[in-house]
Amino acid sequence: RFDDRVDGGPMRARAAFQVTSVLFSLVTVLLAVARPDAASAGAVKLGISAFSVSSLSVNLPGQVSVMTATVSGATACSVQVSPPILAGSGVASCGFPSLRIGLQFPVNSGKKTVKYKVLLLATSGAKSKAAKATIGVLPGAGGAPLEPPAIAEVDSGGTNSCAVFSSGGVSCWGNNAFGQLGGGVSSPDATAAPIPGVTQAKHVAIGYLHMCASLQDGTVKCWGDNYHGDLGNGGVPGGLTPVTVSGLAGATAISAGFSHNCAVVSGGTAKCWGWNVTGQLGNGTNTNSNFPVAVSGLSSAKSISAGNGGLHTCALLANGTAKCWGDNIVGQLGDGTPKDSSVPVSVSGLTAATRISAGNSYSCALLADSTVQCWGDNGTGWLDTFTPTAVTGLVGATNVSTGSYFDCVALVDGTARCWGPSVGLAPVAVSNLTDALAISSAWEHSCSLSAPGTVRCWGANADGQLGNGTNTDSTTPVSVVGL
C-alpha cells in the first residue's frame, strides 16, 4: 500500500534567540584610538579600526551594549571596564577580523547616570593598541539581559521540525508543500517561523504532510494536508492555517503518524482520526475518519505514539505496559504475530516502560532502568523480532525517538546515540552534542533540545528541515535560526 500522493516516499504501507541592543540617543561619548606603534617590515600592522558601541546610553532594564571592532595584527585582546561590571561580561577574544563583545552593566539604583569607561586593548608582543569609549547607564537601567523565550519541547516528523515555547507559541521549519507551516502559503522555510493562530500550545505533533498541536484548554488544532481527514474537522476543505479538531476535548497528549493522529484524553482513553487502512485508528474498523473516533478497549493511557511515517499506533499505560494496533506485517505491534489488529493488543513481555515511540515499521520503549527495547523491522533486517528485544550497549537513556529507519536516544550525560541501517547497527555517538535534554527523529533527520533551550538538528536538509537557513545536509548538529 502506497499513498499515491507521495512521490517516491519510502513509507510502505504493507511491505538566540539573540539579545538585540536598542539604539538610543547619545548621552556621552569619548572615542580615542592610540597612535600606531611602528611595525617591523613585512609584518601585519597592529590596529583597531571601525570601533563602535551600539548603545552608548543604557536606559532600559536588561539592555546590553555591544562593542564591535575590526582588529588586525594582534595576538590577544581584552576589555577593561571601570568601575568593574558584572562578572563574565565583556570577555574578549580577537576573533579576526571582526570582534563583537556584549557589555552587561549592573542595575543603576541611584538617581543620576552612572558612567563607565571602557577600554578595548589589542596586543602583539610588547606592542599594544587601544580604543576607548564612555557608556552612561541611566537610573533604573542595567541588570541581567532579557531572557530568550524558553523552549519546552521539540518534535520532528516527515521533513519538518517544530519547537514549542513555554509561553504556548509554536515555531516550525522545513517542508511546506501542503501548508504544514500554517502561514497560509505553501512555500518552504529553512528557518524557524511562528505558526499563526497557535498561542496556547502544550504539545506539537508532526505527520508526513500535516501538523497538530494540543492546547492548554484541552482542544487540538491541526493544519496542512487533509487528504485522509488528517485535520479532524469533518472533512471541511482548507488546511493552510490551523483549524480546530471537531468534538475533541480534554486532550492531554497527542501524536501524528503518516496520515493519522491520536490523542490521549482525560481519564486515560484515546481518540484517533485520519487514515485507517490497517486499523491504525484502533476503533475496530478499516474505515478512514475525518473526525475523532474512540480507540476500542483502551484505558489508563499515559502517552501515545502514532508511528513516524508508519501505519500503526502504540500507547503507554499507567502500569508500565503498552498496547499497539494497526499494521503488524513485520511485528511492529509486539504481540508475537504478523497479524494486523484494528483494536489494541498487548506488547508481549514489556514491563516498567516509561516512554514509547512508534516508527515506520517498528517500535521502541524506554524502561525505568534507562535501557531501551525495540520490536518489529525497518525493512533491512537490522531489527527482526516480533517481541521486545533489548538494544545492546545502551545505558543511561533519558528518552527515545524512532525515525523512519533509525532511532536516537538522549543520555543522562547530555550526549546522544543513534542506530539503524543508515548510521550503524549499534548505537553511535552524535558528534559535538554534549548538552541534550531530549531528542526527536523524523524520516531522515533529527533534532535535539539542549540547555538553555536551544535546538540543533542534523541529517537530510533538502526541504530546510535542519532550520539553519540552508538546504545542505549535515552529519553534525547545526543550530536552528529564528528561535
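Taking OG of S214 as the reference point, atom NZ of K202 lies at 6.5 Å (rounded to 0.5 Å). Distance CG/D225 to CG/L240: 10.5 Å, rounded to 0.5 Å. Atom CZ of F406 sits about 4.5 Å away from atom OG of S441, to the nearest 0.5 Å. In this structure, T434 OG1 and L411 CG are separated by 12.0 Å, a value rounded to the nearest 0.5 Å. In this structure, L333 CG and S341 OG are separated by 6.5 Å, a value rounded to the nearest 0.5 Å. The CH2 atom of W375 sits 7.0 Å away from the SG atom of C364 when rounded to the nearest 0.5 Å.
Side chains of L281 and N286 form no contact here, defined as non-hydrogen atoms less than 4.5 Å apart.
S361 and D327 form no side-chain donor-acceptor contact under 3.5 Å, judged by distance and modelled atom types alone. A donor atom on one side chain and an acceptor atom on the other are not found under 3.5 Å apart for T278 and D340. Of the N and O atoms on the side chains of D435 and S450, at least one donor lies less than 3.5 Å from an acceptor on the other residue. In summary, the side chains of E153 and H203 do present a donor paired with an acceptor at a separation below 3.5 Å, with no hydrogens or angles considered.
Between Y227 and W275, the ring centre distance reaches or exceeds 6.0 Å.
Residue A201 comes nearest to A213 through the heavy atom pair CB-CB, 4.3 Å, listed as atom of the first residue, atom of the second, then distance. Closest approach of T402 to G359, counting heavy atoms only: OG1-N, 3.1 Å. Closest non-hydrogen pair, F165 versus S171, comes out as CE1-OG, 3.5 Å. The two atoms that bring Q465 and T159 nearest to each other are CB-O, 3.3 Å, heavy atoms only.
In summary, of the residues considered (V154, I151, T454), a side chain to side chain contact (heavy atoms under 4.5 Å, CB included) with L483 occurs for I151 alone.
Remark: E444 CD is loosely packed, at most 12 non-hydrogen atoms of other residues, nucleotides or ligands lying under 6.0 Å away.
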